[in-house]
Amino acid sequence: MNVNQIINMIMRMVMRKAINKGLDVGIDKVAGRGKSREDMTRKERQQANADKKSVKNAQKMMKMTRRLGRM
């Protein structure tokens, strides 16, 4: 492995972590429609939780699809 490959590998790892963290924060904002948990009604909280759960399932399916594509 040369230096350029090592730098690229580290940059990909850092970017992947940053993007995943940003997605989690963004998903929370979209699922809650910008409201804090205290400002939401019980029904809105349930909907926000359901939205987050469906996004996580979609992310799992995308990951599995990528793994199957490698075979």
Side-chain angles (χ1 to χ4, degrees):
M1 236 187 213
N2 62 26
V3 176
N4 193 31
Q5 288 175 321
I6 293 171
I7 292 172
N8 284 337
M9 180 181 67
I10 292 170
M11 288 300 295
R12 279 194 303 269
M13 288 171 31
V14 169
M15 290 301 293
R16 187 179 315 123
K17 284 186 187 262
I19 289 171
N20 286 338
K21 188 66 165 175
L23 283 177
D24 288 342
V25 172
I27 289 167
D28 288 342
K29 283 290 184 189
V30 171
R33 290 162 180 70
K35 293 183 180 180
S36 65
R37 304 270 309 157
E38 296 83 31
D39 295 338
M40 289 185 203
T41 63
R42 185 168 49 124
K43 189 173 183 176
E44 287 175 330
R45 279 194 299 273
Q46 288 174 342
Q47 184 63 43
N49 288 337
D51 290 346
K52 286 198 311 192
K53 190 179 230 183
S54 65
V55 167
K56 287 196 183 272
N57 285 339
Q59 287 175 339
K60 276 186 188 177
M61 292 304 293
M62 288 180 358
K63 191 182 226 182
M64 287 173 38
T65 303
R66 284 194 299 264
R67 285 183 183 167
L68 286 173
R70 287 188 217 154
M71 293 181 168

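Note that these values count all heavy atoms, side chains included, but never hydrogens, waters or copies made by symmetry.
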Start with the C-alpha distance between Q46 and N49, add both sets of side-chain angles, then the distance that settles side-chain contact (heavy atoms from CB on, under 4.5 Å), and finish with yes or no.
-> CA-CA 5 Å; Q46 288 174 342; N49 288 337; 5.7 Å; no
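- A heavy-atom distance below 4.5 Å is not found between the side chains of T65 and M62.
- Between atom NZ of residue K63 and atom NZ of residue K60 there is a gap of 9.5 Å, rounded to the nearest 0.5 Å.
- With rounding to the nearest 0.5 Å, the separation of CD in E44 from CG in D51 is 11.5 Å.
- Under a hydrophobic clustering in which Ile, Leu, Val, Met, Phe, Trp and Tyr are joined whenever their side-chain heavy atoms come within less than 4.5 Å, directly or via other members, M13 and I6 fall into the same cluster.
- If you take CG on N8 and CZ on R12, they are separated by 6.0 Å, rounding to the nearest 0.5 Å.
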